[in-house]
Engineer: 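Structure in structure tokens, see below.
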Amino acid sequence: MSGHSSKPTVGALGETDGSSSVPAVLTLLAWSLFAASVAALVGRVRLGGAWELPGVIAVDGLTVLLWAVVTFFSGIVHSYSRRYMAGSAHETRFFVAVFSFTLAVMALAAADHVALFWLCWLAMGLLMARLIGTVEGWRQARAAASVARTHFLASSALLGVAVTALWWATGATTVSGIAASADALGGPAWIVAAAALVLAAMIQSALVPFHGWLLSSMTAPTPASALMHAGFVNAGGILLARFAPVVTVDTALMLGVVAVGATSALLGKLLKTVQPDVKSELGCSTVGQMGFMIMQAGLGFFGAAITHLIVHGFYKAYHFLSAGEEVERSVPTEAESSRTSAVGALVVLATGLAGGATFALLTGKGTSVDSGLLLAGLVALTTLHAARSALRQTALSPAARYGAIPLVFLPAIAGYALVYEAVSGVLYGLPMVSAPTELTALHALVAAAFLAAYVAIETGVHERSERLYVALLNAGQPASETVLTATEEYNEY
């Protein structure tokens, strides 16, 4: 179609619509919010302290950090969507929903009054469900939106129970007031509040067994998926960080958080291995990464959880927005052996130990016999796995890949450690930065499970069990009513 034509173009979601200035205006506003957020972040770093409207909002280090990250992702999604949604009948509504979602997340990050916090949480979920069901002409999109909305309403209800119980127990109506009174918490009210907080975080972050809504959300436009996986699912970590003084009252609860996070981290990785398409693989990857984030919170390192959600946000936004590049036409080839030679195993082991030592040296975590030791080990293990996965995509020979592992892994884990330190600096003075716990038998079990899973995946042991394959395939299925199978129905929209 000629660039001089006055006719509207057909976008990625079909159904033409007349041109509108709304996308351009909202894109400009999104980037303006990013510029203002960066200015606020710089001001926080230089001046410290918090700006607040007592009893309503409190703009602290976590607030400005989240503002900068969220508005950056929002600006990218707005800009990307200018072309992706061009000509769609849903274009204006899509942009309004994305911008409204951005404002809801920014308000959540600043909210201090528990009622405002709850309303922002609810609005965030309803807006994301709206984005998942953008193409209303697809019954599958409507079904996916319904599945997501049901989960988000359940999460909001649980958060409502939690803040009500905390108000009843402390008399405080603000998040900061509850945090200040957390030392006196205990008894049935605390148990109800703590359990509801953890469950609300699990649902919002799509942890197992609540991962179904995320795997059923593939009807969402790609930029909405990027915003979902880079921002929305991180809300669970933000919730636990905001209410860290409540969660850390009892070590048994912290162990429970470690257990649920570890379960999702391991299952998410295994579920990814049986997915047939790029977006589903990315979805299962998110389940695993969110599990790792929640596990870091359970270990008492909320600053590490915030660091992880930021790093994961950049990683996942890039991969969703470039998902089309992953589709390629290929022919079956002889599979490369997944066996690791003795020399290769020694290289990997030595590199992993060096990486753990690097992380401990740069952050100070892992130098004492507490949960920091497990944190350093898990960060080293997951970063090493990511480095090896990246090298497998290259044309290097197996021998050359082993030689390249330290060259990729050590700078990566050093970079992660430096980002962690920078984030901790911004969060300095807040109660959620670091609350390490003593090591227990459960921590040892988690470490053993991660190491066993790593070895199994690296050697391909998990691929040899048909029963495991079927179980993973069934566990990774989206809701049946959200699956689009007819090409004709897809083309209609």
Side-chain angles (χ1 to χ4, degrees), residues 11-15 17 20 22-23 25-27 29-30 33 70-71 73-82 84-109 118-157 159 200 203-206 210 212-236 279 283 286 316-317 320-321 478-479 481-484 490 493:
L13 297 181
E15 291 194 21
D17 186 18
S20 170
V22 171
V25 170
L26 294 183
T27 301
L29 286 175
L33 287 175
V70 168
T71 53
F73 291 146
S74 178
I76 293 294
V77 168
H78 275 83
S79 297
Y80 181 94
S81 301
R82 290 288 303 279
Y84 185 93
M85 298 295 296
S88 169
H90 315 288
E91 181 181 26
T92 298
R93 282 182 296 165
F94 177 83
F95 274 87
V96 170
V98 170
F99 189 76
S100 299
F101 175 81
T102 305
L103 295 179
V105 177
M106 293 183 71
L108 178 79
W118 181 83
L119 286 172
C120 293
W121 187 272
L122 174 64
M124 187 173 63
L126 294 178
L127 286 166
M128 181 49 66
R130 177 70 187 86
L131 287 169
I132 291 172
T134 293
V135 188
E136 295 176 335
W138 290 348
R139 61 180 176 82
Q140 292 85 356
R142 295 195 301 271
S146 177
V147 169
R149 190 179 299 109
T150 299
H151 280 78
F152 302 156
L153 289 174
S155 175
S156 297
L159 179 58
I203 293 173
Q204 212 83 349
S205 290
F210 306 111
W213 74 260
L214 186 67
L215 301 185
S216 301
S217 67
M218 300 307 167
T219 59
T222 294
S225 293
L227 194 63
M228 183 195 316
H229 289 257
F232 180 81
V233 294
N234 294 324
K279 289 185 73 173
T286 294
K316 202 51 65 72
F320 261 99
L321 295 181
E481 64 272 21
T482 67
V483 179
L484 186 67
Y490 176 86
Y493 297 96

Engineer: Can you tell me how far the CD atom of Gln140 sits from the CE atom of Met218, to the nearest 0.5 Å?
Structural biologist: 14.5 Å

Engineer: Just so I know, are the side chains of Met228 and Leu214 near enough to count as touching, which here means a heavy-atom distance under 4.5 Å?
Structural biologist: yes

Engineer: Pairs of donor and acceptor atoms involving the side chains of residues 94-104, under 3.5 Å and at least two apart or interchain, shall be tabulated with distances.
Structural biologist:
{"unit_1": "Ser100", "atom_1": "OG", "unit_2": "Val96", "atom_2": "O", "d": "2.7"}
{"unit_1": "Thr102", "atom_1": "OG1", "unit_2": "Ser74", "atom_2": "OG", "d": "2.7"}
{"unit_1": "Thr102", "atom_1": "OG1", "unit_2": "Val98", "atom_2": "O", "d": "2.9"}

Engineer: Which pair of non-hydrogen atoms, one from Ala30 and one from His78, has the smallest distance, and what is that distance?
Structural biologist: CB-ND1, 3.7 Å

Engineer: Once side-chain contact (heavy atoms from CB on, under 4.5 Å) is applied, do any residues pair with Ala235, and if so which ones, sequence neighbours excluded?
Structural biologist: Trp121, Met124, Gln204

Engineer: What is the minimum heavy-atom distance between Asn234 and Ser205, and which atoms define it?
Structural biologist: C-OG, 4.4 Å

Engineer: Testing the basics here: between Ser225 and Ser217, what is the closest heavy-atom pair and its distance to 0.1 Å?
Structural biologist: OG-O, 4.5 Å

Engineer: Mind checking the CG-OH spacing from Leu227 to Tyr80? Nearest 0.5 Å is all I need.
Structural biologist: 13.5 Å

Engineer: Between Ser216 (side chain) and Pro478 (backbone), is there a donor-acceptor pair under 3.5 Å?
Structural biologist: no

Engineer: Using the test ring-ring contact (aromatic ring centres under 6.0 Å, His included), find all partners of Phe73 that sit at least two apart in sequence or belong to another chain.
Structural biologist: Phe314

Engineer: Do any N or O atoms from the side chain of Thr222 and from the backbone of Phe320 form a donor-acceptor pair under 3.5 angstrom?
Structural biologist: no

Engineer: For residues 141-153, which side-chain N or O atoms pair as donor and acceptor with protein atoms under 3.5 Å away, sequence neighbours left out?
Structural biologist:
{"unit_1": "Arg142", "atom_1": "NH1", "unit_2": "Glu136", "atom_2": "O", "d": "2.7"}
{"unit_1": "Thr150", "atom_1": "OG1", "unit_2": "Ser146", "atom_2": "O", "d": "2.9"}
{"unit_1": "His151", "atom_1": "ND1", "unit_2": "Val147", "atom_2": "O", "d": "2.9"}

Engineer: Measuring from atom CG of Leu108 to atom CG of Leu122, what distance do you get when rounded to the nearest 0.5 angstrom?
Structural biologist: 11.5 Å

Engineer: Under a 4.5 Å cut-off applied to non-hydrogen side-chain atoms, are Pro221 and Leu131 in contact?
Structural biologist: no

Engineer: Does Ser88 reach the main-chain N or O of Met85 with its side chain, forming a donor-acceptor pair under 3.5 Å?
Structural biologist: no

Engineer: Kindly give the heavy-atom pair with the smallest separation between Ser156 and Trp118, and that separation in Å.
Structural biologist: O-NE1, 2.7 Å

Engineer: Does the side chain of His90 reach to within under 4.5 Å of the side chain of Val135, using non-hydrogen atoms?
Structural biologist: yes

Engineer: Between Ala230 and Ala317, which heavy-atom pair has the shortest distance, and what is it?
Structural biologist: CB-CB, 3.8 Å

Engineer: With Thr286, which residues qualify under side-chain hydrogen bond (donor to acceptor under 3.5 Å, both in side chains), at least two apart?
Structural biologist: His229, Lys316

